[in-house]
Amino acid sequence: MRRSRTGFAVVALGAAAAMVLTGCAQRSNQGAPEGGSAQPSVGYPETPPVEVVPGKPGGVFRLGITEPTAIDPYNVQESEGTSVANALFTGLVQVEPDGTVVPGVATDWSANDDCSQWTFNLKPNTHFHNGEVVDATSFKRGWERVAAPNSGSEVSYHLDVIQGYEEFQAGQAPEMTGVQVASANQLVVNLVQPDCEFPLRTNHPALSPAPAAVGPTSDPNYTDAPIGNGPFKMDGKWEHDKGIRLVRFEEYDAGPKAYLDAIEFTILNPQNGVQLETDGFKAGTFDWARMPTPLIGPNRAEFEPQGKWLSKKTNGINYFVAMNAEPPLNSPEARKAVSMAIDRAAIAEGVFKGAQAPADSIVPSLFPDAYQPGVCDACVYDPVKAKELAEKAGLTPGTEINLSFNTGAGHEEWTAAVRQQLEQNLGLKVNYQGVPFTDHLNNMEAKGASGLYRLAWGADYPTPGNYLIPLMATSSIKLDAEGKVTGNNYSRYSNPEFDALVARASATKDEAARNELWKEAERIAIGRDLAVIPLFQRQQFRLVDHSKWGNVNMDFNEDPTFDQIFLK
């Protein structure tokens with residue numbers, strides 16, 4: 001789970017939302033009224049990846065983030081913490097910016113005939129930052145620390161396919177029996193069900209190794225200064241609400257040594273963080289910056305000619321969680337009515353100034369063999385059809401619907417535009433609410449939650465299954481005793497046909513056949529049932545000075561490629 005707090009950069013409320021329903025309303029993904037433009041927004045062009053070349057040691061790379069939830073692998077769960085943790089730790093496998101899987105600590109991995117058992121062979125004599133050797137026991141130790149019943153982890157579900165996970169987490173077993181240390185450099189993992197993509201999971205920080213000197217998850221003396229095995233190590237402790245400093249690990253031996261002397265993360269106020277990032281870049285205090293939505297166009301015009309612009313379509317999706325289990329969205333017709341009443345292209349033009357493109361699938365284009373543009377036929381703007389579906393679903397004018405978003409992260413303006421469109425096109429009474437991110441998540445998780453909730457999702461590992469299973473599988477609802485959702489299927493979508501398809505896909509060794517099953521599953525959950533409502537493709541923009549820094553690309557998690565960057 002790599003939930004994004006931002007999704008879009010911070011914007012100021014203003015007239016642009018109203019423009020969506022006036023001058024810009026003609027530019028829809030349905031087409032245009034007479035005299036209007038029929039060309040939908042398609043987002044800005046991507047900049048080509050920078051060629052990776054040999055560099056030289058030196059340089060301090062500086063950037064701003066908001067306060068992470070955690071930087072210790074046991075609870076790394078969003079983009080900010082992931083950025084730090086991935087520099088501190090190297091897992092069994094790693095993922096290149098384009099989604100290619102390459103060795104990390106593991107040299108190779110193989111499965112038995114039905115993918116229910118995986119064997120990982122490890123590089124001998126790689127080390128933690130404290131000098132301890134990384135071995136198979138280190139991984140078993142790290143995984144059991146995350147899965148322990150008192151760990152407080154919200155990401156331990158990445159381990160739930162391993163035999164013995166449930167018993168261990170419930171405190172009914174002294175170890176996770178499915179994780180076996182065959183030898184110092186060989187780890188064997190037995191699964192509760194076949195999973196031919198299990199190695200991809202090990203890219204998540206939660207599956208990092210832990211040294212014998214690891215501290216308890218309840219001890220901030222350790223969790224604020226974790227001992228990793230990655231190309232960078234902590235320089236002092238995490239200074240909450242101030243900053244985090246990492247320095248190059250000179251003895252790094254799980255791969256090529258980093259060039260940068262240090263990375264400095266400055267922790268910014270989330271209410272105006274990306275504005276401060278932009279200001280810092282312009283002032284020369286930051287080397288990498290996100291930016292407020294109104295500045296994307298002007299910044300591109302100013303900085304692209306200077307070689308200080310980076311644009312990339314990434315592995316994420318911006319969408320609405322649509323509560324399937326509670327009225328008024330407890331039918332596909334109701335959800336499709338709402339979706340078809342939203343003019344995504346008009347919002348992309350009017351609010352995002354053409355920088356974002358409408359989405360019509362949940363699996364993004366990063367996975368070309370599984371990508372199905374147009375699989376969400378209800379993502380096409382059609383207010384006439386929307387009214388027909390609304391009437392069929394009982395969404396009569398005056399029906400109340402909740403629309404919630406997290407504040408201070410760029411969602412005020414475009415969600416206000418959606419509110420206007422739902423009120424104008426369907427006559428709904430929209431209960432519009434913005435709350436802090438933590439409250440937003442708690443509200444989605446609560447028993448009886450209803451309506452629409454803004455969310456963005458970035459894949460933790462490169463497979464269509466990392467969208468379909470966490471967001472829509474019944475197993476990902478994970479209700480607790482009070483009826484609160486503790487998994488990531490906040491919509492409470494549950495369909496046995498879909499569940500069977502994703503289980504078959506996971507158990508299919510042949511990649512081409514597996515992709516066909518992922519596609520079939522998406523056609524059911526999105527094309528037929530519209531379990532969640534795709535809104536915008538995820539395209540990210542950054543300011544960075546390519547004349548100063550070499551090898552700067554955006555990695556799979558939308559962060560700088562810290563391990564490759566060098567000062568020219």
Side-chain angles (χ1 to χ4, degrees), residues 1 3 157 317-342 362 376 378-379 386-407 411 415 418-419 421-423 425-457 467-499 524-535:
M1 167 183 59
R3 297 176 298 210
Y157 72 89
I317 192 76
N318 296 282
Y319 67 102
F320 272 142
V321 170
M323 295 300 177
N324 284 227
E326 298 288 337
L329 298 181
N330 55 338
S331 71
E333 291 79 12
R335 297 189 290 273
K336 289 181 179 182
V338 165
S339 179
M340 299 184 85
I342 300 171
I362 202 72
C376 176
C379 290
K387 289 178 181 177
E388 293 175 359
L389 288 168
E391 183 177 358
K392 183 177 180 181
L395 280 178
T396 56
T399 299
E400 294 191 25
I401 185 171
N402 298 323
L403 195 167
S404 181
F405 65 96
N406 55 296
T407 55
H411 309 303
T415 55
V418 171
R419 174 189 185 181
Q421 291 176 346
L422 296 181
E423 290 176 341
N425 292 330
L426 296 179
L428 302 179
K429 180 181 178 182
V430 179
N431 299 321
Y432 182 67
Q433 181 185 35
V435 297
F437 187 68
T438 300
D439 294 337
H440 184 62
L441 292 178
N442 289 337
N443 291 343
M444 279 192 293
E445 294 169 349
K447 181 179 180 180
S450 68
L452 301 167
Y453 292 78
R454 168 270 149 195
L455 207 60
W457 182 266
Y467 300 85
L468 301 175
I469 294 173
L471 299 185
M472 293 175 287
T474 303
S475 61
S476 299
I477 298 175
K478 299 186 185 300
L479 294 176
D480 66 11
E482 298 177 354
K484 175 183 175 182
V485 169
T486 60
N488 287 295
N489 184 353
Y490 299 114
S491 292
R492 285 79 161 172
Y493 174 70
S494 181
N495 183 321
E497 184 181 3
F498 171 84
D499 292 340
I524 291 172
I526 298 299
R528 190 181 75 191
D529 296 342
L530 198 62
V532 299
I533 301 177
L535 293 169

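Note that these values count all heavy atoms, side chains included, but never hydrogens, waters or copies made by symmetry.
Using a 4.5 Å heavy-atom threshold, the side chains of Asn488 and Trp457 count as touching. When side chains are defined from C-beta on, Leu535 does not count as touching Val418, because their heavy atoms never get closer than 4.5 Å. Side-chain contact check for Asn406 versus Leu455: every heavy-atom pair is 4.5 Å or farther apart. Within the 4.5 Å cutoff, the side chain of Val321 has heavy atoms near those of the Met444 side chain. Between Val338 and Phe320, every side-chain heavy-atom pair lies at or beyond the 4.5 Å cut-off.
Between Lys387 and Glu391 no salt bridge is recorded (no basic side-chain N to carboxylate O distance below 4.0 Å). Electrostatic pairing of Arg528 and Glu497 counts as a salt bridge here, judged by a charged N lying under 4.0 Å from a carboxylate O.
Checked against side chain to side chain contact (heavy atoms under 4.5 Å, CB included), Glu400 has the following partners two or more places apart in sequence or in another chain: Lys429, Asn431. Partners of Thr396 under the side chain to side chain contact (heavy atoms under 4.5 Å, CB included) rule, at least two apart in sequence or in another chain, are Thr399. Residues passing the side chain to side chain contact (heavy atoms under 4.5 Å, CB included) test with Thr415 are Leu403, Phe405, His411, Tyr432, sequence neighbours excluded. With sequence neighbours excluded, the residues that form a side chain to side chain contact (heavy atoms under 4.5 Å, CB included) with Gln433 are Ser404, Val435, Asn443. Considering only residues two or more places apart in sequence or on other chains, Glu333 meets the side chain to side chain donor-acceptor pair (under 3.5 Å) condition with none of them. For the ring-ring contact (aromatic ring centres under 6.0 Å, His included) test, no residue two or more places apart in sequence or in another chain qualifies with Tyr319.
For the pair Ser450 (side chain) and Glu326 (backbone), a donor-acceptor distance under 3.5 Å is absent. Distance alone, capped at 3.5 Å, places no donor-acceptor pair between the Asp480 side chain and the Thr486 backbone. Between the side chain of Asn489 and the backbone N or O of Ala473 there is at least one donor-acceptor pair closer than 3.5 Å.
Neither side chain, Arg335 nor Asn330, offers a donor N or O lying under 3.5 Å from an acceptor on the other. One side chain, Asp499 or Thr474, offers a donor N or O that lies under 3.5 Å from an acceptor on the other.
The shortest non-hydrogen separation linking Leu422 to Ala341 is CD2-CB, 4.0 Å. Residues Ala393 and Ala334 share a closest heavy-atom pair of CB-N, 3.5 Å. Contact record, Ile477 with Ser494: CD1-CB, 4.4 Å, taken as the closest heavy-atom pair. Taking all atoms of both residues into account, the shortest heavy-atom contact from Ser339 to Leu530 is CB-CD2, 3.7 Å.
Ring orientation note: the planes of Phe498 and Tyr493 are nearly perpendicular, at an angle over 60° on the 30°/60° scale.
Once rounded to the nearest 0.5 Å, the distance linking CG of Leu468 with CD1 of Ile526 reads 8.0 Å. Put simply, CD on Glu482 and NZ on Lys447 are 9.5 Å apart, with the number rounded to the nearest 0.5 Å. Between the CG atom of Leu452 and the CD1 atom of Ile533 there is a distance of 5.5 Å, given to the nearest 0.5 Å. How far NZ of Lys478 is from NZ of Lys484: 15.0 Å, rounded to the nearest 0.5 Å. To the nearest 0.5 Å, atom CD1 of residue Ile524 and atom CE of residue Met472 are 11.0 Å apart. The distance from the CG atom of Asn324 to the CG atom of Asp529 is 8.0 Å, given to the nearest 0.5 Å.
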